[in-house]
Amino acid sequence: MEVFSREPEFLTPPKPPVYPAQARRRNQQGLVLVEVRLDAGGQLRGLRLLRSSGVESLDRSAMDAVANWRFRPETQNGLPVPSRVHIPIEFALSASR
């Protein structure tokens, strides 16, 4: 049985996605929502784009970054279980340059 996790836990700190240079030049921003499915060992077994930012390069960068993250398995009653979690990734340019 798969459980829905509210907050992912990581084995190593996740590296943020690379902000694509062309998107940065074009002042493109957005929120990407990624669904991650993990097996009981915390290994990635599925990655799905739930909501696009509307900018393909931002979506791709978010998916590539999450694909390389290392997750800690979700547990129930002390036992590791398969899980899924939704991870929002925001691409925002700060006002100051």
Worksheet item: Which distance, rounded to the nearest 0.5 Å, do you find between the OG of S53 and the CZ of R60?
Response: 10.5 Å
Worksheet item: N77 side chain to L79 main-chain N or O, any donor-acceptor pair under 3.5 Å?
Response: no
Worksheet, complete the sentence: E7 and S5 have their tightest heavy-atom pair at O-OG, 3.2 Å
Fill in: Carboxylate-amine/guanidinium contact E74 R6, below 4.0 Å
no
Discussion item. Does any part of the side chain of R45, heavy atoms only, come nearer than 4.5 Å to the side chain of E2, both counted from C-beta?
Written reply: yes
Fill in: side chain to side chain donor-acceptor pair (under 3.5 Å) involving S83 - partner list, sequence neighbours excluded
none
Worksheet entry | Rounded distance [0.5 Å steps], CD in Q28 versus OG in S57 | 5.5 Å
Worksheet, complete the sentence: dist R48:CZ -> H86:NE2 (nearest 0.5 Å) comes out at 6.5 Å
Worksheet item: From N27 CG over to L93 CG, what is the distance, rounded to the nearest 0.5 angstrom?
Response: 5.5 Å
Item to complete: Answer yes or no: is there a side-chain heavy-atom contact under 4.5 Å between I87 and P8?
Response: yes
Worksheet item: Do you know which two heavy atoms are closest between P20 and V18, and how far apart they sit?
Response: CD-O, 3.1 Å
Discussion item. Taking the six-membered ring of Y19 as reference, does the cationic atom of R24 (NZ for Lys, CZ for Arg) lie under 6.0 Å from its centre and within 45° of its axis?
Written reply: yes
Worksheet, complete the sentence: What one should report as the nearest heavy-atom pair of F4 and V85 is CE1-CA, 4.4 Å
Worksheet item: Taking a hydrophobic cluster as the set of Ile, Leu, Val, Met, Phe, Trp and Tyr residues connected by side-chain heavy atoms closer than 4.5 Å, whether directly or through intermediates, do L33 and L31 fall within one such cluster?
Response: no
Worksheet item: Any side-chain heavy atom of L50 within less than 4.5 Å of one from V34?
Response: no
Item to complete: Go through the steps to decide whether M63 and L49 satisfy the test side-chain contact (heavy atoms from CB on, under 4.5 Å), and finish with yes or no.
Response: CA-CA 7 Å; M63 295 291 280; L49 181 66; 4.2 Å; yes
Worksheet item: CD of E56: more than 12 outside heavy atoms within 6.0 angstrom?
Response: no
Discussion item. I need the R37 CZ to L47 CG distance, nearest 0.5 Å.
Written reply: 11.0 Å
Item to complete: Identify, with sequence neighbours excluded, every residue that meets ring-ring contact (aromatic ring centres under 6.0 Å, His included) alongside F10.
Response: W69, F71
Discussion item. I need the minimum non-hydrogen distance between V32 and A62, along with the two atoms involved.
Written reply: CG1-CB, 3.8 Å
Worksheet item: Would a 4.5 Å heavy-atom cut-off, applied to side chains only, mark P73 and E9 as touching?
Response: no
Worksheet entry | Minimum heavy-atom distance between V55 and Q29, given as atom pair plus value | CG2-O, 4.4 Å
Practice prompt. Group every Ile, Leu, Val, Met, Phe, Trp and Tyr by side-chain heavy-atom contacts under 4.5 Å, then state whether V81 and L38 land in the same group.
Written response: no
Worksheet, complete the sentence: When rounded to the nearest 0.5 Å, the distance separating CG of D64 from NZ of K15 is 12.0 Å
Worksheet item: Do I89 and P17 come within less than 4.5 Å of each other through their side chains, counting heavy atoms only?
Response: yes
